[in-house]
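Single-structure report; data block below.
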Protein chains: 2
Amino acid sequence: MDTRQGRDAVVEFRPDCPLCGSSPCVFHCRDECTEARTLRRIVEVGRPMVRGQYLYHAGSPFAALYTVRAGTVKTCAVTEDGEERVIGFSFPGDIVGLDAIGGSTYLTDACVLETASVGVIPFARLQPLLSEVPALQHRLLQAMSRQIAAEHEMRLALLKRTAEERFAVGLVSLSERFAGRGLSPTALRLAMSQAELGSYLGLAPETVSRLFRRFREQGWLDGTGRECELLDIGAIRAVARRQRRVPSGSSGDEALRAVGAGRSGGGS
Amino acid sequence: MDTRQGRDAVVEFRPDCPLCGSSPCVFHCRDECTEARTLRRIVEVGRPMVRGQYLYHAGSPFAALYTVRAGTVKTCAVTEDGEERVIGFSFPGDIVGLDAIGGSTYLTDACVLETASVGVIPFARLQPLLSEVPALQHRLLQAMSRQIAAEHEMRLALLKRTAEERFAVGLVSLSERFAGRGLSPTALRLAMSQAELGSYLGLAPETVSRLFRRFREQGWLDGTGRECELLDIGAIRAVARRQRRVPSGSSGDEALRAVGAGRSGGGS
DNA sequence: CGATATTTTGAGATGAGTCAATAGCTGTGG
DNA sequence: CCACAGCTATTGACTCATCTCAAAATATCG
């Protein structure tokens, strides 16, 4: 359904944010706040994009930011040797393209993973509004800052950790992002393949598969990727935090070693 | 030297940017542009800070951004198990604390590695100026965007690569950052220990030491950390890009093995 | 000139990548 | 409705790069 009604009208009035289609968007506000009203003047929402379509490609001139209103988008880069590396996943409420503001071109590809509704924010039009509407400026700054912080956290989590820990970090991260959007933090519907998740986490696809199995055997989750239910998120979180202190007692126990922790209850 | 002259005056007029003490600062401009003049009203430069002093700690309330005018600052976090993980290094011209804007507290520690001159930008005072002076706002957005981009690039570089590649990436990155500040891209004076560099790159200190030796044996660099001269930055860059060029000539099994798989020992 | 921190070097264990082959899905078209 | 193709996931075997532990050597600092 094409929602366009004119040059910029674009969006119907709905209780949820017309800019992002969901609640936790940077630009969201429950009421008709100034920044949303302002922004709505320039955001354009096109028809849904389907899996495999690109919002933009690396190298193409930077023109707009994008809000994900529905669906899933991945950003990725292709290395010299032709491998694709996933840089991040974007869910409803996320802004895509923030890393391009500082330059003249996009630095990554942005590719739809799961049928997505996307809002286009022409940056040239956004910029003057930022000065006029301080609240809008503040929102953008916050969004960017938070992305930097998230980036730091992710790097910390991924660097120098075991595959198991990275995987746990990935699951927890996804769970929390879903939760922040009002979705279930335990019943994950993942739009990405195991290979893509692995690429994001720096793991070989085979390793991801093995980890799914291991975690399943531990009773920590059920399903296998696509549909994934986190049964003991406390345990997973504990692994992610590397809090696997071996319960004192007979150390060297085979079973404990297999578990890698011997955790069971929710984490502290 | 205390450069304070009053509540906010703070800085002498010098050809180089009084805000950052060097050229490539986001807020720098060669002439007396509006944004610098504006910013100068609120930036406070204190006396130099020495190694080990902290600009801020993780958890303390966010109040200001910092510009590094001289010296080196590292940002780091301490994991639950007490290990310190280096998140980044900041050199003259860099802004520190951008990841805290989105929250109410700092998320990392910021610690002086090498006697540093630091400018304090109270965020509450900066914010209104951003709307008044669009150019200033633009600079800040660019700085943040670039940081996100750099973060992405670093993650790409570090994730799923060999220790050798990570190390090379680290060296190249440092070299380029120095070069961007008008310093020699080959004669590196590193303020961080091998352990810190390793922490940043996700490598064990021992591994860093071994890599220094390996690279030295290759004739790619000289020195050992602290003072480090890059002799063949092309080769290092090639390793960083995973493009290790085959030494033309004997394309025998040795060479191929070295190219395709791990290192052997000898080389060009 | 001691005391502490950093760096070097060695030896050994192992986690995770790679290769390879199988099994399971998903969508398409006959 | 079934067969097929292509993709995704699973599983096993093997290898090796890197971590860990341990100890010596060197540098740095007061």
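All heavy atoms count here, side chains included; hydrogens, waters and symmetry mates do not.
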Rounded to whole angstrom units, what separation is found between the CD atom of A:Glu84 and the P atom of D:dC7? 14 Å

Rounded off to whole Å, could you give me the CD-to-P distance for the B:Glu227 and D:dA27 pair? 14 Å

What is the distance, rounded to the nearest whole Å, between atom CG of A:Leu159 and atom C1' of D:dC19? 14 Å

In terms of side-chain geometry, is the basic nitrogen of A:Glu151 or A:Arg155 positioned less than 4.0 Å from the acidic oxygen of its partner? no

Going by the rule ring pair (Phe, Tyr, Trp, His ring centres under 6.0 Å), which residues pair with A:Tyr56 if we only count those two or more places apart in sequence or in a different chain? A:Tyr66, A:Tyr106

Please examine the side chains of B:Val45 and B:Val118, heavy atoms only from C-beta on, and report whether any two atoms are closer than 4.5 Å. no

Distances for protein N/O vs nucleotides 16-21 of chain C N/O pairs under 3.5 angstrom?
from, atom 1, to, atom 2, distance (Å)
C:dA16, OP1, A:Ala163, N, 2.3
C:dG17, OP2, A:Ala204, N, 3.4
C:dG17, OP2, A:Thr207, OG1, 2.3
C:dT18, O4, A:Arg210, NH2, 3.0
C:dC19, N4, A:Glu206, OE2, 3.2

For D:dT8, does either OP1 or OP2 sit under 4.0 Å from a side-chain N or O belonging to A:Ser209? no

For the pair made of CZ in A:Arg51 and C1' in C:dT26, what is the distance, rounded to whole Å? 12 Å

What is the distance, rounded to the nearest whole Å, between atom CZ of A:Phe167 and atom C1' of C:dG15? 16 Å

Within less than 4.0 Å of OP1 or OP2 of D:dT8, is there a side-chain N or O belonging to A:Arg226? no

Send over the distance from A:Leu201 CG to C:dG15 C1', rounded to a whole Å. 16 Å

Neighbour count >12 (heavy atoms, 6.0 Å) for atom CD, A:Glu84: yes

Below 4.0 Å: OP1/OP2 of D:dT10 and any side-chain N or O of A:Arg213: no

Nearest-Å distance for atom pair CZ/P, residues B:Phe212 and D:dA27: 15 Å

Nearest 0.5 Å, please: how far is OG1 in A:Thr224 from CZ in A:Phe215? 13.5 Å

Donor on one side chain, acceptor on other, B:Glu165 and B:Thr162, under 3.5 Å: yes

Please tell me if the side chains of B:Arg166 and B:Leu211 come closer than 4.5 Å, counting only heavy atoms from C-beta onward. no

Whole angstrom is fine here: how far is it from CZ in A:Phe215 over to C1' in D:dT10? 17 Å

